[in-house]
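Everything below concerns the one structure shown next.
Computation of the quantities below employed the complete heavy-atom set of this structure, encompassing side-chain atoms and omitting hydrogens, waters and symmetry-equivalent molecules. Only a predicted model underlies this, so the values are computations on that prediction, with no experimental measurement involved.
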Amino acid sequence: MAAPSDLAFDPWDPAFVADPYPAYAELREQGRVRYFEPTDQWLVAHHADVSALLRDRRLGRTYQHRFGHEEFGRTPPPPEHEPFHTLNDHGMLDLEPPDHTRIRRLVSKAFTPRTVERLRPYVERLAGELVDGLVAAGGGDLLRDVAEPLPVAVIAEMLGIPESDRAPLRPWSADICGMYELNPSEEAAAKAVRASVEFSDYLRDLIAERRKNPGDDLISGLIAAHDKGDRLTEQEMISTCVLLLNAGHEATVNSTVNGWWALFRHPDQLAALRADHSLVPTAVEELMRYDTPLQLFERWVLDEIEIDGQVIPRGAEIAMLFGSANHDPAVFADPSRLDLARRDNPHISFSAGIHYCIGAPLARIELAASMTALLDRAPTLRLAAEPVRKPNFVIRGLEGLEVEVA
């Protein structure tokens with residue numbers, strides 16, 4: 001599938017996926033909004049516009065709270081995709097008020113600053129143990145050995161998923177997230193449907209078990225809130241748990257490997273970080289900006305809007321390019337330069353508005369913990385092999401990151 005001839009944006013081109021940032025610069029120069037026929041979306045590439053639209057209530061993650069598919073001018077999803085859409089559409093990321101408000105209020109109790117801060121010792125201890133294992137082996141795959149198991153273990157611990165049950169969580173998540181790519185294939189859809197069914201069945205059984213034997217975990221807390229009158233359907237509970245697991249580790253995993261790959265390509269910045277660990281907090285923010293883990297976020301136009309004189313009608317879809325916004329020179333000085341000491345860094349990698357990432361404080365703790373553990377315990381860490389980038393565009397990451405410890 002080719003892009004329009006005057007657009008550098010081509011999310012199916014491996015060269016574009018490898019480095020989309022030069023194309024984003026061209027796109028920004030071409031105006032504030034451009035129609036992209038292959039996906040029937042309006043592309044928005046400037047930081048100011050993306051930031052404003054994320055807060056604009058004329059847009060929504062769903063339209064089904066106000067319109068039916070036909071009324072909105074959209075074709076209903078194929079019946080065979082129903083398990084995925086049932087799971088996805090009942091999670092708070094794809095809901096609008098009042099349902100979004102009700103569910104987020106319940107879940108946010110598990111992500112208050114005080115609650116998240118209590119997790120810090122556990123996160124730091126686990127990060128240290130994982131890095132110790134990597135060092136003892138003389139190296140390995142940073143994704144498989146550190147980046148992935150850390151956030152998966154943390155969110156599974158919060159949800160109360162037993163350690164013996166955690167192996168399928170990451171494969172289920174990867175298959176479900178395949179549906180968030182642009183124009184996913186039927187094979188990707190089939191994988192997402194299968195994972196949705198299996199993950200939902202597992203959680204339904206776990207919720208039933210927690211009803212009989214509640215514990216000190218988020219699932220038990222949601223059940224207790226429901227029983228006290230905060231109405232939460234079983235499907236909303238299942239969808240919320242899947243969302244928390246997927247969102248709770250996808251960004252952290254990809255930020256970790258994208259970040260270290262960037263550091264290996266900028267040895268001066270890595271040397272500065274190794275010499276001064278107090279740079280870790282700003283380094284985490286800069287690495288998330290520099291190679292954004294979520295490149296595109298979609299919104300439906302619920303009420304007609306206008307951008308730079310272009311009327312975008314109700315029923316259209318907006319594609320907000322986070323990666324482009326995070327490299328906008330109108331906001332970031334010398335945006336193509338990696339600067340771990342960058343202070344003025346209003347990146348939007350965690351989104352904004354009512355759908356701002358509820359787990360952002362936890363993600364920051366996890367990213368800082370793994371980075372600090374690697375700096376402390378593997379000071380000679382180096383790249384062992386050129387990594388292969390995943391073919392995905394929307395969720396940006398690597399297949400793996402082979403490293404060695406001298």
Inset, instruction - Pick out which of Phe9, Tyr35, Phe36 makes a ring pair (Phe, Tyr, Trp, His ring centres under 6.0 Å) with Trp42. - result: Tyr35
[X] and [Y]: side-chain donor and acceptor closer than 3.5 Å?
X	Y	answer
Asn345	Thr282	no
Asn246	Ser173	yes
Arg105	Thr101	no
Tyr180	Asn88	yes

Do [X] and [Y] have side-chain heavy atoms sitting under 4.5 Å apart?
X	Y	answer
Leu287	Leu263	yes
Gln41	Leu182	yes
Val388	Leu398	no
Leu381	Arg274	yes
Leu150	Thr256	no
Leu27	Leu43	yes
Gln64	Asp89	yes
Leu134	Leu374	yes

May I ask you to decide if [Y]'s main-chain N or O and [X]'s side chain share a donor-acceptor pair within less than 3.5 Å?
X	Y	value
Arg396	Ala18	yes
Thr372	Ala369	no
Ser220	Pro214	no
Arg32	Ile307	no
Asp145	Asp141	yes
Ser349	Met288	yes
Arg377	Glu129	no
Glu96	Arg61	yes
Arg55	Ser51	yes
Asp328	Ala48	no

Legend entry - Residue of the set Arg66, Arg57, Arg314 for which salt bridge (charged side-chain N to carboxylate O under 4.0 Å, His left out) holds with Asp303: Arg66
Legend entry - Pairs touching residues 338-350 that satisfy salt bridge (Lys or Arg N to Asp or Glu O under 4.0 Å), sequence neighbours left out: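 As it turns out, the salt bridge (Lys or Arg N to Asp or Glu O under 4.0 Å) pairs with a partner in residues 338-350, which skip direct neighbours, are Glu286-Arg342, Arg337-Asp339.
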Legend entry - Whether over 12 other heavy atoms sit under 6.0 Å from Asp216 CG: no
Legend entry - Within 6.0 Å of CD in Glu306, more than 12 heavy atoms from elsewhere: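 More than 12 heavy atoms, drawn from other residues, nucleotides or ligands, come within 6.0 Å of this atom.
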Minimal non-hydrogen separation, [X] against [Y], with atom names:
X	Y	answer
Thr115	Lys109	OG1-O, 3.5 Å
Asn326	Thr292	ND2-OG1, 3.1 Å
Ser108	Ile358	CA-CD1, 3.6 Å
Ala45	Ser324	O-OG, 2.7 Å
Gly323	Tyr21	O-CE2, 3.6 Å
Leu302	Thr62	CD2-O, 3.6 Å

Legend entry - Ring geometry between Tyr202 and Trp172 (parallel below 30°, tilted from 30 to 60°, perpendicular above 60°):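 Judged by the thresholds at 30° and 60°, the geometry between Trp172 and Tyr202 is tilted.
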Inset, instruction - Begin with the C-alpha distance, continue with both residues' side-chain angles, and end with the deciding distance and a verdict on salt bridge (Lys or Arg N to Asp or Glu O under 4.0 Å) for Asp40 and Arg74. - result: CA-CA 11 Å; Asp40 188 22; Arg74 291 285 159 174; 3.5 Å; yes
Inset, instruction - Give a yes or no on whether a salt bridge exists between Glu186 and Lys191, defined as a side-chain N under 4.0 angstrom from a carboxylate O. - result: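 Between Lys191 and Glu186 there is no salt bridge, as every charged N stays at least 4.0 Å from the carboxylate O atoms.
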Inset, instruction - Answer yes when Arg102 and Glu236 have at least one side-chain N-carboxylate O distance shorter than 4.0 Å, and no when they do not. - result: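 Salt bridge: yes.
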Inset, instruction - Find the distance between CG (Leu169) and CD1 (Ile161) and round it off to the nearest 0.5 Å. - result: 5.0 Å
Inset, instruction - Answer with yes or no after comparing the ring centroid distance for His327 and Tyr24 against a 6.0 Å cut-off, counting only values under it. - result: no
Inset, instruction - State yes or no: are the ring centers of Phe332 and Tyr290 separated by less than 6.0 Å? - result: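 Phe332 vs Tyr290: aromatic centres not under 6.0 Å.
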Inset, instruction - Report the residues that fulfil ring pair (Phe, Tyr, Trp, His ring centres under 6.0 Å) with His355, sequence neighbours left out, ordered by chain and then residue number. - result: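 His355: ring pair (Phe, Tyr, Trp, His ring centres under 6.0 Å) contacts with His100.
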Inset, instruction - Tell me, please, which residues at least two apart from Ala167 pass side-chain contact (heavy atoms from CB on, under 4.5 Å). - result: none
